[in-house]
Amino acid sequence: MKITSAKVIVTCPGRNFVTLKVATDEGLHGLGDATLNGRELAVASYLQDHVIPCLIGRDPCQSEDIWQFLYRGCYWRRGPVTMTAISAVDTALWDLKAKIANMPLYQLLGGRSRDGVMVYGHANGEDIAQTVDEVGRYLDMGYKAVRAQSGIPGLASTYGVGKDRLFYEPADAGLPAENVWSTEKYLDHIPLLFDKLRERYGYEPHLLHDAHHRLTPVEAARLGKSLEDYRLFWLEDPVAAENQEGFRLIRQHTVTPLAVGEVFNTIWDCKDLIQEQLIDYIRATVLHAGGITHLRRIADLAALYHVRTGCHGATDLSPVCMGAALHFDTWAPNFGIQEYMRHSRETDEVFPHAYRFRDGFLYPGEAPGHGVDIDEKLAAKFPYQRACLPVNRLEDGTMWNW
Ligand code: GCO
Ligand code: MG
């Protein structure tokens with residue numbers, strides 16, 4: 001079997017998605033998600049101009065060798081653009097291979113380790129009262145785990161709080177919107193939110209929170225400590241993870257579980273955090289960390305150190321990524337939880353999929369491959385629209401992490 005063509009499909013059914021479709025001489029095709037929020041066309045160009053020409057004529061079943069060719073064979077390794085492109089190829093090849101085997105992808109990975117994939121939803125509100133109600137809305141839908149994000153008094157906007165309650169979309173402007181941030185205001189507010197949440201819903205639902213890389217280690221330590229009584233499932237991205245020594249300081253001060261890694265591209269980004277047991281959940285994804293081939297290596301390393309998986313699953317990861325992630329989650333012995341931000345109706349129509357939500361769990365379905373396809377005619381009706389993530393400034397104008 002040979003790869004005869006590969007094409008990049010860019011579509012914007014409410015938000016931009018980049019999809020790689022790899023076809024073979026035997027009439028089968030595989031799909032991989034190649035979406036990098038706010039940098040979509042950079043990945044599309046990397047695929048079109050540099051990767052696809054190298055794929056034509058290769059045996060699609062040699063997914064490992066193709067991965068090594070694109071990673072090890074490339075002098076300029078790693079980085080989000082390159083690794084997203086490699087992920088797209090790898091996901092498409094695993095999809096193809098499972099279709100050739102006529103099996104759902106999780107079977108090729110080692111089979112089912114669990115019945116369903118526990119997911120968490122993203123509840124948000126402009127203030128504590130609204131966020132508490134929104135968490136209730138998710139619990140009513142059957143969710144066992146909910147991430148709670150609330151507006152902060154005195155700040156016009158913050159990460160996680162959108163115009164629409166159920167669909168959170170941060171890339172909402174042609175040029176980056178400028179937000180204003182105050183760590184002091186945030187740190188005073190968040191414990192009050194979780195106090196109210198536990199008061200209203202008790203201790204059974206899993207509650208999560210995303211600090212979105214905005215704190216210093218000592219601030220994160222303080223937040224983790226102040227949330228201990230509310231028993232979070234995890235505190236996500238407490239600090240920007242470039243300087244990973246910061247996690248040691250957080251760890252020395254709090255037993256609130258820590259999750260990090262949605263922006264990681266390779267095992268090298270999380271190797272030390274995992275081996276030193278500085279985190280509890282690794283959030284790397286099929287989409288941005290080298291596809292199924294590489295994410296498996298990360299999960300296997302993590303398993304040795306009691307670290308579980310908690311893959312990123314925001315709306316900017318397409319249903320193709322979600323499908324592949326759910327097969328991965330169904331297999332991974334050290335699976336922890338999967339993020340699930342719902343896609344819009346238009347997105348779901350462009351990407352018909354086999355996965356289904358029921359009572360707080362997602363199920364990947366039994367279709368051969370990862371079970372997600374693309375309706376190309378419909379996709380063509382939604383042309384690309386430039387959209388950027390916001391940036392953050394402190395109240396005095398200093399640039400900060402968004
Ligand atoms: C999450 C994330 C996202 C990111 C987004 C950036 O945990 O879901 O932090 O909301 O901000 O994916 O593209
Ligand atoms: Mg996050």
(request) Please name all residues satisfying side-chain contact (heavy atoms from CB on, under 4.5 Å) with His253, sequence neighbours left out, ordered by chain then number. (result) Ala221, Leu249
(request) Taking Glu339 for its side chain and Gly313 for its backbone only, find out whether a donor-acceptor pair lies under 3.5 Å. (result) yes
(request) Would you check if there is a donor-acceptor pair between the side chains of Arg165 and Asn124 at a distance under 3.5 Å? (result) yes
(message) Quick check on side chain to side chain contact (heavy atoms under 4.5 Å, CB included): which of Thr91, Asp90, Ile52, Val51 does Leu20 satisfy it with?
(response) Ile52
(request) Please name all residues satisfying ring-ring contact (aromatic ring centres under 6.0 Å, His included) with Phe328, sequence neighbours left out, ordered by chain then number. (result) Trp331
(message) Could you report the tightest heavy-atom contact between Ala379 and Ile9, atom names first, then the distance?
(response) CB-CG2, 4.3 Å
(message) Tell me which pairs pass salt bridge (Lys or Arg N to Asp or Glu O under 4.0 Å) where either residue lies in residues 254-263, with sequence neighbours left out.
(response) Glu262-Arg283
(request) Indicate yes or no for a side-chain donor-acceptor contact from Lys144 to the backbone of Gly142 under 3.5 Å, with no hydrogens or angles considered. (result) yes
(message) Strictly distance-based, threshold 3.5 Å: is any side-chain N or O of Arg214 a donor or acceptor partner for the main-chain N or O of Ala240?
(response) no
(request) Tell me, with the steps shown, if Phe351 and His353 meet ring pair (Phe, Tyr, Trp, His ring centres under 6.0 Å). (result) CA-CA 6 Å; Phe351 296 98; His353 51 264; 8.7 Å; no
(request) Check Tyr340, Tyr143, Tyr168 against His122 for a ring pair (Phe, Tyr, Trp, His ring centres under 6.0 Å) and give me the one that passes. (result) Tyr168
(message) Taking Arg112 first and then Glu366, would you say they form a salt bridge - that is, a charged N and a carboxylate O separated by under 4.0 Å?
(response) yes
(message) The criterion is side-chain hydrogen bond (donor to acceptor under 3.5 Å, both in side chains); which residues satisfy it with Trp181, sequence neighbours excluded?
(response) Thr183
(request) Check each of Arg248, Gln244, Arg251 against Glu276 using the side chain to side chain donor-acceptor pair (under 3.5 Å) test, and report the only one that passes. (result) Arg248
(message) Given Phe233, which partner from the list Tyr281, Tyr120, Tyr203 fulfils the ring pair (Phe, Tyr, Trp, His ring centres under 6.0 Å) test?
(response) Tyr281
(message) Tell me which pairs pass ring-ring contact (aromatic ring centres under 6.0 Å, His included) where either residue lies in residues 289-316, with sequence neighbours left out.
(response) Trp67-His294
(request) May I ask you to test the Cys270-Ile298 pair for a side-chain heavy-atom distance under 4.5 Å? (result) yes
(request) Please identify each residue that fulfils side-chain contact (heavy atoms from CB on, under 4.5 Å) with Ser87, with sequence neighbours left out. (result) none
(request) Taking His288 for its side chain and Pro80 for its backbone only, find out whether a donor-acceptor pair lies under 3.5 Å. (result) no
(message) When you compare the side chain of Asn179 with that of Val391, does any pair of heavy atoms fall below 4.5 Å?
(response) no
(request) Go through the steps to decide whether Arg297 and Glu64 satisfy the test salt bridge (charged side-chain N to carboxylate O under 4.0 Å, His left out), and finish with yes or no. (result) CA-CA 12 Å; Arg297 299 214 157 104; Glu64 182 67 53; 3.0 Å; yes
(message) I need the Asp229 CG to Thr256 OG1 distance, nearest 0.5 Å.
(response) 9.0 Å
(request) Test Leu258 against Trp234 for side-chain contact (heavy atoms from CB on, under 4.5 Å), laying out the working first. (result) CA-CA 5 Å; Leu258 303 174; Trp234 79 34; over 6 Å; no
(request) Any pair with a residue in residues 16-36 that passes salt bridge (Lys or Arg N to Asp or Glu O under 4.0 Å), sequence neighbours left out, goes on the list, sorted by first then second residue, please. (result) Lys21-Glu376
(request) Could you go through the salt bridge (charged side-chain N to carboxylate O under 4.0 Å, His left out) check for Glu219 and Arg222 one step at a time? (result) CA-CA 5 Å; Glu219 290 162 353; Arg222 181 179 138 202; over 6 Å; no
(message) One thing to verify: whether Glu236 and Arg147 come together as a salt bridge, which I'm taking to mean a side-chain N less than 4.0 angstrom from a carboxylate O.
(response) yes
(request) Would you check if the side chain of Asp280 reaches a backbone N or O of Val307 as a donor-acceptor pair within less than 3.5 Å? (result) no
(request) Check Asp127, Leu155, Ile152 against His189 for a side chain to side chain contact (heavy atoms under 4.5 Å, CB included) and give me the one that passes. (result) Ile152
(request) Report yes or no: does Asp375 contribute a side-chain atom to a donor-acceptor pair with the main-chain N or O of Pro352 at less than 3.5 Å? (result) no
(request) Give the intermediate values and the outcome of salt bridge (charged side-chain N to carboxylate O under 4.0 Å, His left out) for residues Lys225 and Glu228. (result) CA-CA 5 Å; Lys225 240 180 157 168; Glu228 276 173 11; over 6 Å; no
(message) Show, in sequence, the C-alpha distance, side-chain angles and deciding distance for His209 and Phe194, and conclude whether the ring pair (Phe, Tyr, Trp, His ring centres under 6.0 Å) test is met.
(response) CA-CA 9 Å; His209 180 70; Phe194 283 90; 5.6 Å; yes
(message) With a 3.5 Å distance limit and no angle check, can you tell me whether Arg356 reaches the backbone of Tyr363 through a side-chain donor-acceptor pair?
(response) no
(message) Any side-chain to backbone donor/acceptor pair from Asp237 onto Asp210? Under 3.5 Å, distance only.
(response) no
(message) Working to the nearest 0.5 angstrom, can you tell me the gap between Ile128 CD1 and Leu192 CG?
(response) 5.0 Å
(message) So does Cys61 get a backbone contact from the side chain of Lys97, meaning a donor-acceptor N/O pair under 3.5 Å?
(response) yes
(request) Validate the cation-pi geometry between Arg345 and Phe167: distance from NZ or CZ to the six-membered ring centre under 6.0 Å, angle to the ring axis within 45°. (result) no
(request) Tell me whether the guanidinium CZ or amine NZ of Arg15 lies under 6.0 angstrom from the six-membered ring centre of Phe382 and within 45° of its axis. (result) no
(message) Using modelled atom types and a 3.5 Å cut-off, is there a donor and acceptor pairing between side-chain atoms of Asp269 and backbone atoms of Asn265?
(response) yes
(message) Check for me whether the distance between the ring centres of Trp94 and His370 falls short of 6.0 Å.
(response) no
(message) Restricting to ring-ring contact (aromatic ring centres under 6.0 Å, His included), what partner residues turn up for Tyr106, sequence neighbours left out?
(response) His327
(request) Could I get the full list of side-chain contact (heavy atoms from CB on, under 4.5 Å) partners for Ala101, not counting sequence neighbours? (result) Met103, Leu108
(request) Report the C-alpha separation of Asp133 and Arg137 in whole Å, then their side-chain angles, then the decisive distance to 0.1 Å, and conclude whether the salt bridge (charged side-chain N to carboxylate O under 4.0 Å, His left out) test is met. (result) CA-CA 6 Å; Asp133 287 348; Arg137 190 136 74 113; over 6 Å; no
(message) Test of understanding: with side-chain contact (heavy atoms from CB on, under 4.5 Å), list the residues that count as partners of Trp268, not counting sequence neighbours.
(response) Tyr71, Arg78, Thr266, Lys271
(request) Just jot down the ring-ring contact (aromatic ring centres under 6.0 Å, His included) partners of His29, sequence neighbours excluded, or say none. (result) none
(request) Please round to the nearest 0.5 Å and tell me the distance separating atom CG of Asp316 and atom CZ of Phe17. (result) 7.5 Å
Hey, can you pull the donor-acceptor pairs under 3.5 Å for the side chains in residues 40-47, sequence neighbours left out?
unit_1: Glu40; atom_1: OE1; unit_2: Gly38; atom_2: N; d: 3.4
unit_1: Glu40; atom_1: OE2; unit_2: Gly38; atom_2: N; d: 3.1
unit_1: Ser45; atom_1: OG; unit_2: Asp49; atom_2: OD2; d: 2.9

(message) I'd like to know if Asp300 pairs up with Arg296 as an ion pair, taking the criterion as any Lys NZ or Arg NE/NH1/NH2 lying under 4.0 Å from an Asp or Glu carboxylate oxygen.
(response) no
